[in-house]
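Remarks on the structure that follows.
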Amino acid sequence: MIDFSHLSNSHRRAMELVREAAREKNCRPYLVGGPVRDLLLERAVVDIDIAVEEDSSALARALAKLMSGRVKSFPQFLTYKVTADQMPEIDIATARKERYRSPGALPSVTPGHLRDDLLRRDFSINAMAVDVVEGALHDPTGGEADLRARLVRVLHDQSFIDDPTRIYRAIRLASRLGFSIEPHTGELMRNAITSGALITISKERIWRELFLAMDEGGAPAILTAFLTQGALDVLFGKRTADPARLESAREQIERNPELDRHVLYTATLLRGDASPVDLEGSGFSQKRARNIVQIANELGRFADALLEAKTERQRLRVLKHASPEMLGVLAATQPAESRHVERFHEYQNFKLPLRGNDLEMPGGPHVSRALERTREAVFTGEIPAEHAREFARETALRYLKREEAKS
Ligand code: ATP
C-alpha cells in the first residue's frame, strides 16, 4: 500500500476526487510516472498523471464536474487535462502501447493495458503506477529497487535509439535527483551518441530538451554533462564545457530572476564563437538571438572597451550598449568590472528633478537629449546638481543650433 499522506492538501483532495469519479464511472485509475517516483522519494509532486485502461474521456468529464473545473482534450495523445482553481493540473490518459517504426521517429500509439503503458516508458523509476483506489504499487521493471539504489536505468537496450531525447532526460533526471546513471545504461547512452542517434531527431526537439535543462536549478551540471558527453555536437559542433562560467551564469540568474536564463546559458555555452546557425531550431526571436551572439562574441571587446575607458562618462557610454544579460555576464566573469556594472545600474535608476518644461524653450529632440546629457553630468560629478537647469538649457540650445545648421 502506498501512503499518500506526504502529498500536499490540494493534491490529496485531488486524489480523493479522482477516486470518487472512478467509482461513479466504474473504472480503475492509476497514478503513473513522475508523481509515483516523487511520491516514493517523498519529494513534492507537481502535476498528477493518471492512466486508465477504460474510457479516459468519461473519467475526465466526471472529475471536472466534481472539481467544478474544465477539461481540455488532446485527441492525438488520447489525453485530457483537467484544471480547476486551487487544484493541481491532472492529466488523464488512456493507457497505451507504443511502437517505434524507425529510430528517432515519433511512435505509433494504440490503446493498451497498464503494463504496456509502463513498459513504453523511459526509465524504470518512471515506469511505476499506483492503483488510486486500492493503493497497490505496480512496478514491472524494478523501479522501486532502482530508486533505492539511486539509479537511472533504461528498460531495454534499444531505448536511446528508439528515442534519443531520452539521453537528455536521463542526464537531467539523474542530476535533479542526485542519482547516477546505471553503468550499462551509461554505456548504451555513449554508444547511441557516438553512433549518431541524435542526428535522427529534429533540432527543435533537442532545443526543447536543452531549455528544460536550463530551467532546472542544477542547470550548470546538466549542461556540462551534455557537452562532455557530446550530446550537443549536433547543434553546436565540438565545444568544451566551462563549468565555472555556467555556475556564475546561474548565480546571476538567482540574484536577478528577471534575466533571460535561456539567453544567458546559451551565450555561455557558445562563448567566443556564436553564429545564428548555432541557434537553428531554437525558436529564439531575432532580438534574443542577437543578444546571445553579442554576449558570446563581444564580451571580450566590451571588457577591453571598459578597461580603456578613462572616465566614468566613457564607461557609462560603453555599458549603455549592453543588454541586461550582457551586463550580468560582465559582472560575473570580470570581477574588476562588477563595481562599474553596479554603478551603471545606479545610473539607470538615477533621476533628476528636471523636466523639459523647466528649460523654457520650444520642445523637441534637443530637449530630451540635453536632459539625458545633464543626468549623466550630474551623476558623474561633472557638474553640481544645483547647476543642472542652467547646464541643460545651454546644452539644449547648443543641440538646437547644431540641428538648425544641419538642415
Ligand atoms: P517532471 O515533469 O517532474 O520533469 P516527469 O517524469 O513527470 O518529470 P514528463 O516529461 O512530464 O516527466 O513525463 C511524464 C512521464 O512520461 C515520465 O515520467 C515518463 O514515464 C514518460 N515519458 C516522458 N518522456 C518520455 C520519453 N521520451 N520516452 C518514454 N517515456 C517518457
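Both counts, for ligands and for their atoms, begin at 1 and track the order of listing. Computed over heavy atoms, backbone and side chain alike; hydrogens, waters and symmetry mates excluded. Sequence positions, counted from 1, serve as the residue numbers for this chain.
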Quick note on ligand 1: atoms under 4.0 Å from a heavy atom of Arg172 include exactly 4 (O)

of all protein heavy atoms, closest to atom 11 (O) of ligand 1 is Asp49 OD2, 4.7 Å

Under 4.0 Å from one or more heavy atoms of Arg176, ligand 1 contributes atoms 1 (P), 3 (O), 4 (O)

Which of His345, His340, Glu346 passes side chain to side chain donor-acceptor pair (under 3.5 Å) with Arg343? Answer is Glu346

For the 3.5 Å polar cut-off, considering only N or O atoms, please tell me whether Asp163 and ligand 1 meet it. yes

Distance-only N or O hit between ligand 1 and Gly34, under 3.5 Å:
yes

key: Heteroatom distance test (Arg166, ligand 1): nitrogen or oxygen, under 3.5 angstrom   = yes

Charged N-O contact under 4.0 Å between Glu98 and Arg120
yes

among protein heavy atoms, the one nearest atom 10 (O) of ligand 1 is Arg169 NH1, 3.0 Å

Is the backbone N or O of Arg43 less than 3.5 Å from a side-chain atom of Asp38, with the two atoms forming a donor-acceptor pair by type? no

Ligand 1 atoms nearer than 4.0 angstrom to some heavy atom of Gly33 are 18 (O)

Ranking Arg205, Glu98, Arg121 by closest non-hydrogen atom to atom 16 (O) of ligand 1, top hit is Arg121

(message) Apply ring pair (Phe, Tyr, Trp, His ring centres under 6.0 Å) to residues Trp207 and Tyr265 and explain how you reach the verdict.
(response) CA-CA 12 Å; Trp207 273 102; Tyr265 278 131; over 10 Å; no

Salt bridge or not between Asp278 and Arg239? Use side-chain N to carboxylate O under 4.0 Å.
yes

### Task
Assign the ring pair Phe211 / Phe284 to parallel, tilted or perpendicular, where the plane angle (0 to 90°) is split at 30° and 60°.
perpendicular

Check your understanding: Quick one: does NZ or CZ of Arg369 land under 6.0 Å from the six-membered ring centre of Tyr399, within 45 degrees of the ring axis?
Key -> yes

task = Considering only NZ, NE, NH1 and NH2 on the basic side and carboxylate oxygens on the acidic side, decide whether Arg166 and Asp122 come within less than 4.0 Å.
result = no

Counting heavy atoms under 4.0 Å, the part of Arg43 that contacts ligand 1 is neither

Look up atom 30 (N) of ligand 1 and tell me if a protein heavy atom lies less than 4.0 Å from it? yes

Report task. Just say parallel, tilted or perpendicular for the rings of Tyr168 and Phe226, cut-offs at 30° and 60°. Result -> perpendicular

Taking the basic N atoms (NZ, or NE/NH1/NH2) and the acidic carboxylate oxygens, is any pair closer than 4.0 Å for Glu204 and Arg208? no

Q. Hey, are Arg373 and Glu376 close enough for a salt bridge, meaning a charged N less than 4.0 Å from a carboxylate O?
A. yes

Going by the 4.0 angstrom heavy-atom rule, the piece of Thr165 near ligand 1 is side chain

So for Asp122 against ligand 1, with non-hydrogen atoms under 4.0 Å, the contacting part is both

Going by the 4.0 angstrom heavy-atom rule, the piece of Met128 near ligand 1 is neither

Atoms of ligand 1 under 4.0 Å from any heavy atom of Arg120, numbered from 1 in the order shown, are 29 (C)

TODO: Using protein heavy atoms only, decide if any is under 4.0 Å from atom 2 (O) of ligand 1.
DONE: no

So the atoms of ligand 1 within less than 4.0 Å of a heavy atom of Arg37 turn out to be 3 (O), 5 (P), 6 (O), 8 (O)

